[in-house]
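Okay, structure first, notes after.
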Amino acid sequence: MRWQFLLTGYLMSINLFTFVLYGQDKRRARRGQWRISERLLLECALAGGGVGAGLGMLLFRHKIRHRKFRLLVPFSILFWIGIVILFLI
């Protein structure tokens, strides 16, 4: 039971972090500042932050035209749903 709380805490943290990261990158893009790499944004999504990335894409309207983001972010969400189902059930 303890690992379930750890998994839940991890997923909540990585999603919040990823959401904030997408928001920061959008803000930097508007200001013409140094940007967060696309690789880091996708790595965070694939590490469990897919929901945060998806919400960041929608709410900030950020990276929505990039094909790799439109494919990999939903994939990461489905992958982690599978992991949660596998380990929690």
Side-chain angles (χ1 to χ4, degrees):
M1 191 69 144
R2 178 171 161 74
W3 59 270
Q4 293 165 333
F5 290 112
L6 292 173
L7 179 61
T8 301
Y10 168 75
L11 289 174
M12 290 174 62
S13 298
I14 190 70
N15 277 289
L16 178 62
F17 176 77
T18 304
F19 178 77
V20 170
L21 205 61
Y22 274 70
Q24 284 295 315
D25 191 50
K26 179 66 175 191
R27 184 177 185 186
R28 291 176 181 186
R30 286 185 187 154
R31 294 180 174 188
Q33 296 175 334
W34 175 83
R35 304 280 303 278
I36 297 166
S37 71
E38 289 186 350
R39 180 179 176 173
L40 178 60
L41 293 172
L42 285 172
E43 285 174 349
C44 287
L46 294 172
V51 173
L55 288 174
M57 288 173 67
L58 292 174
L59 293 175
F60 302 123
R61 297 194 44 81
H62 191 51
K63 301 293 185 187
I64 56 176
R65 293 185 181 174
H66 291 77
R67 185 174 186 196
K68 61 184 166 186
F69 282 86
R70 288 193 329 248
L71 295 174
L72 291 176
V73 169
F75 169 78
S76 71
I77 294 170
L78 293 175
F79 174 78
W80 279 96
I81 286 172
I83 294 293
V84 168
I85 288 171
L86 182 68
F87 284 102
L88 295 181
I89 295 179

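Heavy atoms only: backbone and side chains are in, while hydrogens, waters and symmetry mates are out.
Among residue pairs with one or both ends in residues 42-51, those qualifying as side chain to side chain donor-acceptor pair (under 3.5 Å) are Arg39-Glu43; sequence neighbours excluded. Applying the salt bridge (charged side-chain N to carboxylate O under 4.0 Å, His left out) rule to pairs touching residues 47-73 yields Glu38-Lys63, Glu38-Lys68, sequence neighbours excluded. Judged as a salt bridge (charged side-chain N to carboxylate O under 4.0 Å, His left out), not a single pair has a partner in residues 76-89 (not counting sequence neighbours). Residue pairs meeting the salt bridge (charged side-chain N to carboxylate O under 4.0 Å, His left out) criterion with at least one member in residues 5-28, sequence neighbours excluded: Asp25-Arg35. A ring pair (Phe, Tyr, Trp, His ring centres under 6.0 Å) check over residues 36-57, counting only residues at least two apart or in different chains, returns nothing. Applying the ring pair (Phe, Tyr, Trp, His ring centres under 6.0 Å) rule to pairs touching residues 46-74 yields Phe19-Phe60, His66-Phe69, sequence neighbours excluded.
Residues Val20 and Met57 do not share a hydrophobic cluster, defined by chaining ILVMFWY side chains whose heavy atoms lie under 4.5 Å apart.
Atom CG of Leu21 is separated from atom CG of Leu40 by 5.0 Å, given to the nearest 0.5 angstrom.
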Listing, residues 76-89 side-chain donor-acceptor contacts under 3.5 Å, not counting sequence neighbours, or none:
| residue | atom | partner | partner atom | Å |
| --- | --- | --- | --- | --- |
| Ser76 | OG | Ala45 | O | 3.4 |
| Ser76 | OG | Val73 | O | 2.7 |
| Trp80 | NE1 | Leu46 | O | 3.0 |

Side chains of residues 10-18: which donor-acceptor partners sit under 3.5 Å, not counting sequence neighbours?
| residue | atom | partner | partner atom | Å |
| --- | --- | --- | --- | --- |
| Tyr10 | OH | Ala47 | O | 2.4 |
| Ser13 | OG | Gly9 | O | 2.9 |
| Asn15 | OD1 | Val51 | N | 3.0 |
| Asn15 | OD1 | Gly52 | N | 2.7 |
| Asn15 | ND2 | Leu11 | O | 2.6 |
| Asn15 | ND2 | Gly48 | O | 3.0 |
| Thr18 | OG1 | Ile14 | O | 2.6 |

